[in-house]
Amino acid sequence: PEAMTADQTRMIATISLLMALAEYGATLLNQTVDYVAKTYGATDAQIGVVSSVTRVGNLIVIVGGLLSDRIGRRRLLLVTTTAILLCTALCAVAPSLAAFGILQTVVNGATNLALMVGFIVAVEEAPEASRTYTIAIVGIASGLGFIVPALLLPVADVPRDAWRIIYALAALGFLFL
């Protein structure tokens with residue numbers, strides 16, 4: 001790969017961090033679905049509906065894609081990451097399965113938009129001969145967002161509703177914005 005400037009390295013590192021934060025929020029529903037169902041007394045069918053409805057959030061990607069050139073990709077990446085962190089943290093205090101589902105719908109759409117925009121920005125920032133390398137680095141870093149919740153999952157087994165702690169930890173991501 002071609003050498004990167006300090007500014008390019010800083011930008012790629014920032015994008016990598018934002019992608020890891022986005023993936024953290026994105027993976028929680030799949031990893032905590034049983035705990036969520038128990039808390040809200042939801043049937044398998046109700047959880048199935050919530051999981052399906054969250055995919056409607058992908059409509060955010062269409063709107064965001066149209067906005068990316070207007071408001072700027074970097075700004076859009078920060079807005080989507082903020083939405084992911086906020087909605088994920090709010091899931092920790094969601095009073096009902098419906099409220100939880102609405103928040104997860106935003107998380108799903110914002111995550112997909114953040115990933116799309118994040119990889120585009122990373123490629124644009126990287127030197128031409130380093131673009132494949134940059135995509136790999138950002139991809140590996142974003143994978144950390146899947147690993148951290150898996151490592152935290154034993155926390156959900158402690159007291160009833162402890163899964164909420166894992167969602168609330170998303171608020172720590174604001175320290176990095």
Side-chain angles (χ1 to χ4, degrees), residues 1-32 51 54-92 103-156 163 165-177:
E2 186 179 333
M4 293 188 198
T5 66
D7 286 341
Q8 288 171 322
T9 302
R10 193 175 310 105
M11 178 58 74
I12 300 305
T14 300
I15 293 167
S16 296
L17 175 63
L18 294 175
M19 295 299 90
L21 293 172
E23 291 287 6
Y24 179 88
T27 192
L28 287 178
L29 176 59
N30 291 332
Q31 293 187 10
T32 61
S51 295
T54 62
R55 304 301 176 233
V56 172
N58 287 321
L59 295 174
I60 293 171
V61 176
I62 296 169
V63 174
L66 297 172
L67 289 175
S68 67
D69 287 331
R70 183 169 295 195
I71 67 171
R73 289 181 186 87
R74 292 178 188 177
R75 181 178 293 156
L76 186 59
L77 185 55
L78 287 173
V79 167
T80 55
T81 305
T82 299
I84 294 162
L85 295 173
L86 178 63
C87 290
T88 300
L90 287 174
C91 281
L103 291 166
Q104 281 296 301
T105 300
V106 175
V107 168
N108 183 279
T111 298
N112 287 319
L113 180 56
L115 291 173
M116 179 185 76
V117 172
F119 278 102
I120 290 170
V121 173
V123 168
E124 289 176 344
E125 290 294 325
E128 190 172 334
S130 296
R131 290 184 175 157
T132 303
Y133 172 78
T134 300
I135 290 170
I137 294 298
V138 173
I140 290 167
S142 70
L144 293 174
F146 283 106
I147 293 168
V148 172
L151 294 174
L152 293 173
L153 204 52
V155 169
W163 61 268
I165 295 167
I166 300 171
Y167 281 82
L169 288 174
L172 293 175
F174 286 113
L175 297 173
F176 300 102
L177 294 184

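In this structure, L153 and T32 have side chains that are in contact, with non-hydrogen atoms separated by less than 4.5 Å. Residues R74 and M11 have side chains in contact (heavy-atom distance under 4.5 Å, counting atoms from C-beta outward). L144 has its side chain out of reach of Y24: every pair of non-hydrogen atoms, C-beta onward, lies at least 4.5 Å apart. Taking the side chain as every heavy atom from C-beta outward, W163 and L28 never approach each other to under 4.5 Å.
Put simply, the side chain of E2 never gets that close to the backbone of S130: no donor and acceptor are under 3.5 Å apart. Checking side-chain atoms of R131 against main-chain N and O of V123 turns up a donor-acceptor pair under 3.5 Å. No donor-acceptor pair closer than 3.5 Å links the side chain of T27 to the backbone N or O of E23. In this structure a side-chain-to-backbone donor-acceptor pair under 3.5 Å is missing from E125 to Q8. Without hydrogens or angle criteria, T88 side chain to L85 main chain gives no donor-acceptor distance under 3.5 Å.
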side-chain contact (heavy atoms from CB on, under 4.5 Å) between I166 and Q31, intermediate numbers included:
CA-CA 10 Å; I166 300 171; Q31 293 187 10; over 6 Å; no
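By the salt bridge (Lys or Arg N to Asp or Glu O under 4.0 Å) test, R55 is found to be paired with no residue, residues two or more places apart in sequence or in another chain being considered.
Remark: F119 CZ is packed, more than 12 non-hydrogen atoms of other residues, nucleotides or ligands lying under 6.0 Å away.
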